[in-house]
Amino acid sequence: MLKFLKKLLPKSSPAKSGAKDSSIPAPPDEPNSPSGNGNISDVYFRNMGEMQEAISKRDYEKAGLLAREGLEHITGFVKETLKEYGDFGISSIPVLEQGGTMLAFLNDSEGLVRMREIVTSMSELSPWVKNVEKHERDLDLFQAITDAVRKHPNCLQTELKGLVGETDGRRVANLVSYLEKAGKISRLKEGNTYKLLLT
């Protein structure tokens with residue numbers, strides 16, 4: 001798939017075009033790659049695809065493991081992109097986005113500490129510091145939601161943000177959705193909202 005994308009997409013620098021493009025093709029294979037099979041970008045894209053596939057299959061444990069693994073490829077990916085294109089014109093890094101949510105879901109505080117170390121180690125990654133802060137908050141929110149539903153069975157989803165002390169109801173609903181898909185919470189339709197129960 002990656003080789004097909006390389007052929008399909010032009011090999012132009014985002015610095016020259018002025019556009020930020022998250023679909024920049026990976027540079028050609030280098031023989032001295034740390035992976036021993038392709039370059040760091042190839043490993044990064046393969047890991048990213050596997051992580052997103054695991055999320056789509058609701059295999060959050062596997063997705064979290066892949067997110068942890070993917071963290072270790074990010075700095076190499078940034079360096080390769082800078083070397084090849086002159087700047088880092090990437091607007092999305094799924095390992096720092098959905099991957100961080102998986103780490104929060106799995107209560108992997110060490111993984112989030114490692115994520116923070118990585119995004120603060122390179123100026124190119126500074127836009128993702130806010131993502132890490134959100135994931136750190138989500139780690140606490142996942143636990144708070146579970147505790148609230150345990151203490152208040154059949155509570156309404158619309159009441160939940162008050163029970164967990166969170167002002168962003170949409171964020172709470174998103175995390176509840178992950179818990180439901182993982183089989184940890186049941187949602188029963190109640191008017192325009194849902195009653196929540198631990199499974």
Side-chain angles (χ1 to χ4, degrees), residues 1-6 9 11 13-15 20-143 174-175 178 181-182:
M1 178 70 175
L2 185 58
K3 288 182 180 176
F4 171 76
L5 286 172
K6 286 181 188 176
L9 297 170
K11 194 172 179 180
S13 166
K20 292 198 175 228
D21 185 1
S22 62
S23 60
I24 295 172
D29 291 352
E30 295 176 4
N32 297 326
S33 164
S35 69
N37 181 22
N39 55 30
I40 293 171
S41 295
D42 289 334
V43 176
Y44 164 81
F45 283 114
R46 183 165 53 249
N47 170 272
M48 177 181 66
E50 290 174 0
M51 183 196 74
Q52 291 177 317
E53 182 181 2
I55 293 171
S56 71
K57 291 180 176 178
R58 302 180 183 182
D59 188 348
Y60 298 151
E61 189 168 334
K62 181 178 180 181
L65 291 172
L66 287 163
R68 269 286 204 133
E69 179 186 319
L71 286 174
E72 304 310 319
H73 304 309
I74 290 174
T75 54
F77 171 63
V78 173
K79 288 173 184 176
E80 275 192 359
T81 304
L82 288 171
K83 183 178 179 182
E84 183 71 13
Y85 299 100
D87 82 343
F88 189 66
I90 305 293
S91 60
S92 177
I93 302 181
V95 170
L96 301 178
E97 296 156 8
Q98 300 101 311
T101 302
M102 293 297 96
L103 295 179
F105 177 83
L106 295 171
N107 199 31
D108 187 353
S109 56
E110 290 180 8
L112 291 176
V113 167
R114 179 65 181 140
M115 184 179 284
R116 179 173 283 280
E117 290 171 354
I118 289 166
V119 299
T120 56
S121 69
M122 304 181 80
S123 60
E124 291 80 7
L125 296 174
S126 61
W128 284 272
V129 170
K130 288 183 179 180
N131 287 79
V132 178
E133 291 169 353
K134 183 184 78 170
H135 300 318
E136 290 167 342
R137 175 66 180 140
D138 286 349
L139 185 144
D140 294 332
L141 269 177
F142 273 122
Q143 187 60 54
N174 191 38
L175 299 187
Y178 278 111
K181 288 173 184 175

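Small disclaimer: the values here were computed from a predicted structure and weren't measured.
When each of Val113, Asp138, Leu112 is paired with Leu103, the side-chain contact (heavy atoms from CB on, under 4.5 Å) condition holds for Leu112 and for no other. Screening Ile93, Asn39, Thr81 for a side-chain contact (heavy atoms from CB on, under 4.5 Å) with Tyr44, the sole residue that qualifies is Ile93.
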request  = Would you please test Leu66 and Glu69 for side chain to side chain contact (heavy atoms under 4.5 Å, CB included) and show each step?
outcome  = CA-CA 5 Å; Leu66 287 163; Glu69 179 186 319; 4.1 Å; yes

request  = Apply side chain to side chain contact (heavy atoms under 4.5 Å, CB included) to Arg114 and Glu72, showing your working.
outcome  = CA-CA 9 Å; Arg114 179 65 181 140; Glu72 304 310 319; 2.9 Å; yes

message = Test side chain to side chain contact (heavy atoms under 4.5 Å, CB included) on Gln98 and Met102; report intermediate values, then the result.
response = CA-CA 6 Å; Gln98 300 101 311; Met102 293 297 96; 5.6 Å; no

Below 3.5 Å, can you tabulate the donor-acceptor pairs from side chains in residues 124-133 to any protein atom, sequence neighbours excluded?
unit_1 : atom_1 : unit_2 : atom_2 : d
Ser126 : OG     : Ser123 : O      : 2.8
Trp128 : NE1    : Glu97  : OE2    : 2.9

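Nearest approach of Leu96 to Leu71, heavy atoms of both residues: CD2-CD2, 3.8 Å. The minimum heavy-atom distance between Asn47 and Gly70, with the atom names listed, is OD1-CA, 3.2 Å. When every heavy atom of Pro94 is checked against every heavy atom of Met51, the shortest pair comes out as O-CE, 3.6 Å. Here the shortest heavy-atom pairing between Thr75 and Met122 reads CG2-SD, 3.6 Å.
A donor-acceptor pair is defined here as one N or O able to donate and one able to accept, closer than 3.5 Å; no such pair exists between the side chain of His135 and the backbone of Gly99.
Under a 4.0 Å N-O distance rule, the pair Lys62/Glu50 does not qualify as a salt bridge. A salt bridge does not link Glu80 with Lys83: every distance from a Lys NZ or Arg NE/NH1/NH2 to an Asp or Glu carboxylate oxygen is 4.0 Å or more.
Taking CG of Asp42 as the start and CZ of Phe77 as the end, the distance is 10.5 Å to the nearest 0.5 Å. Distance check, rounded to the nearest 0.5 Å: CE of Met115 to CD1 of Ile118 gives 7.5 Å.
Residue pairs meeting the ring pair (Phe, Tyr, Trp, His ring centres under 6.0 Å) criterion with at least one partner in residues 91-110, sequence neighbours excluded, are Tyr60-Phe105, Phe105-Phe142.
Residues His73 and Met48 are not in side-chain contact: their nearest non-hydrogen atoms beyond the backbone lie 4.5 Å or more apart.
Enclosure of atom CD in Glu117 by more than 12 non-hydrogen atoms of other residues, nucleotides or ligands within 6.0 angstrom is indicated.
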